[in-house]
Peer 1: 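Below you'll find the structure I mean.
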Amino acid sequence: VTETDDENRRMRHLLALQERLPLATLSGEVIAREWGGWVRALTVNRGRGDRIARMTAVISPEGLVGRIVEVRAGAAIVQVLTDPASTVGAHVVRTRTPGIVEGDPRGMIRFKYMARDGASIQTGDLLVTSGQGGLFPRGIPIGRVRAIDDRGSALFHYAVLEPAVDFARVDEVLVVTGPTGQDLTAYFPTGG
C-alpha cells in the first residue's frame, strides 16, 4: 500500500508539472539504469513509436535529468548529467554567473565558470539551464553548489554541485517534444 501511495504521489506531481508547463511533453517511465559506480544513463519506455527524437531534453518535477542520446523502437536512452560526456549551459540564479555544467568521471556534476566571477558564487546557490543552444529550455533546475574548487589565478574555476534530481531514484520523467524557447523559471520551485 505504501508503494502504491508513493507512486500515486509521484504521478500526481508529474502530471501537475506536465499540465502547467507551456511546452509539449510526453510522460515516460524509467525501465532500466546503466550503472558505472553511479547512474550514467536511464532507459525510458518511449521510443520511435512515440516519435521521440535524439537530443531531446528530459526533465522531472525536481529538475533536469538529461538528454535522449539513442532512440529504439519502444525505448530511449537518456544521458544523465553525471555522464562525463554530458555538458549543459547554465547560470547561477542569484548572480547570473554563466558557465557550463559537466559530468565528472567520479559520478558528480560540476559547474565550470570564469574565475573573475568566482567571488560571487556561494555554497547553496541554485543553478538552472541557460536556454542557450536550443536543446534545453531556460530555467530548469540543475543543482545547488556543494563546494567551490578554488584554483587560484586560473582562468576557469569549478564548483561541485548537488544535482536537483536523484538519478538513482527517479522513476517517471517528461520528454520535451515541443519547441524549447520558453523560460521555465516560474514553473519549478527554487527552494529559496
Side-chain angles (χ1 to χ4, degrees), residues 1-52 56-83 86 88 90 93 101 103-104 106-110 123-129 136-146 160-178 180 182 184-192:
V1 171
T2 301
E3 189 169 323
T4 302
D5 285 346
D6 287 346
E7 182 179 17
N8 285 337
R9 180 187 46 74
R10 288 191 320 267
M11 294 303 287
R12 282 193 308 271
H13 202 88
L14 189 72
L15 181 60
L17 175 63
Q18 188 174 30
E19 288 176 348
R20 72 178 185 260
L21 285 177
L23 71 160
T25 60
L26 183 64
S27 63
E29 184 179 343
V30 174
I31 57 174
R33 296 175 209 283
E34 178 189 331
W35 295 86
W38 69 93
V39 178
R40 295 177 66 115
L42 303 173
T43 303
V44 295
N45 67 343
R46 298 294 187 168
R48 276 193 298 271
D50 301 296
R51 298 178 186 238
I52 299 298
T56 301
V58 178
I59 61 178
S60 79
E62 291 74 34
L64 184 64
V65 175
R67 73 186 99 212
I68 301 286
V69 291
E70 184 180 336
V71 182
R72 300 175 181 163
I77 308 299
V78 179
Q79 176 189 56
V80 299
L81 299 179
T82 54
D83 186 306
S86 173
V88 178
V93 170
V101 171
D104 182 270
R106 296 166 294 188
M108 301 181 305
I109 58 174
R110 62 187 189 164
T123 301
D125 277 345
L126 176 66
L127 277 84
V128 298
T129 53
F136 301 107
R138 181 183 183 93
I140 301 172
I142 296 172
R144 289 194 179 273
V145 175
R146 184 169 62 195
V160 177
L161 305 180
E162 184 68 37
V165 175
D166 183 345
F167 306 114
R169 296 186 187 270
V170 66
D171 291 315
E172 298 87 18
V173 297
L174 294 177
V175 179
V176 177
T177 57
T180 60
Q182 296 88 347
L184 302 183
T185 304
Y187 298 93
F188 287 91
T190 60

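Residue indices begin at 1 and follow the sequence shown.
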Peer 1: In plain terms, say whether Glu162 and Arg144 are close enough for a salt bridge, that is, a side-chain N and a carboxylate O under 4.0 Å apart.
Peer 2: no
Peer 1: Between atom CZ of Arg67 and atom CD of Gln79, what is the distance when rounded to the nearest 0.5 Å?
Peer 2: 5.0 Å
Peer 1: So how far is it from Leu14 CG to Leu174 CG, rounded to the nearest 0.5 Å?
Peer 2: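 Leu14 CG to Leu174 CG: 4.0 Å, rounded to 0.5 Å.
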Peer 1: If we ignore hydrogens and angles and just use 3.5 Å, is the side chain of Arg46 paired with the main-chain N or O of Ser27 as donor and acceptor?
Peer 2: yes
Peer 1: So how far is it from Ile77 CD1 to Glu34 CD, rounded to the nearest 0.5 Å?
Peer 2: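 It is 8.0 Å, given to the nearest 0.5 Å.
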Peer 1: Where the side chain of Thr82 meets the backbone of Val39, is there a donor-acceptor pair that is under 3.5 Å apart?
Peer 2: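 A pair under 3.5 Å: yes.
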Peer 1: Within the 4.5 Å heavy-atom criterion, are Leu184 and Gln182 side-chain neighbours or not?
Peer 2: yes
Peer 1: Could you state the interatomic distance from CG (Leu21) to CZ (Phe188), rounded to the nearest 0.5 Å?
Peer 2: 5.5 Å
Peer 1: Taking the side chain as every heavy atom from C-beta outward, state whether Arg48 and Ile52 have any pair of such atoms under 4.5 Å apart.
Peer 2: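 Not in contact.
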Peer 1: When you measure from the side chain of Thr25 to the backbone of Val175, do you find a donor-acceptor pair of N or O atoms at a distance under 3.5 Å?
Peer 2: no
Peer 1: Kindly say whether Glu29 contributes a backbone atom to a donor-acceptor pair with the side chain of Asn45 at under 3.5 angstrom?
Peer 2: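 Confirmed, Asn45 side chain pairs with Glu29 backbone.
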Peer 1: Can you name the nearest heavy-atom pair linking Ser86 to Val80, along with the distance?
Peer 2: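 What the structure gives for the nearest pair is CB-O, 3.6 Å.
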Peer 1: How many angstroms lie between CG in Leu23 and CD in Gln18, if you round to the nearest 0.5 Å?
Peer 2: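 Between Leu23 CG and Gln18 CD, I get 9.5 Å after rounding to 0.5 Å.
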Peer 1: Has Thr43 got a side-chain atom pairing as donor or acceptor with Ala76's backbone, closer than 3.5 angstrom?
Peer 2: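 Such a contact is absent between Thr43 side chain and Ala76 backbone.
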Peer 1: Would you check if Ile31 and Val44 make a side-chain contact, meaning some heavy-atom pair closer than 4.5 Å?
Peer 2: no
Peer 1: Would you confirm whether Thr56, through its side chain, and Ile68, through its main-chain N or O, come within 3.5 Å as a donor-acceptor pair?
Peer 2: no
Peer 1: Is the shortest distance from a Lys or Arg side-chain nitrogen in Asp171 or Arg33 to a carboxylate oxygen in the other one below 4.0 Å?
Peer 2: yes
Peer 1: Would you say Arg20 has more than 12 foreign heavy atoms packed within less than 6.0 Å of its CZ?
Peer 2: yes
Peer 1: Hey, what do you get for OG (Ser60) to CG (Leu42), rounding to the nearest 0.5 Å?
Peer 2: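 The CG atom of Leu42 is 10.5 Å from OG of Ser60, to the nearest 0.5 Å.
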Peer 1: What closest approach, in Å, do Phe136 and Gly66 show between heavy atoms, and which atom pair accounts for it?
Peer 2: CE2-O, 3.4 Å
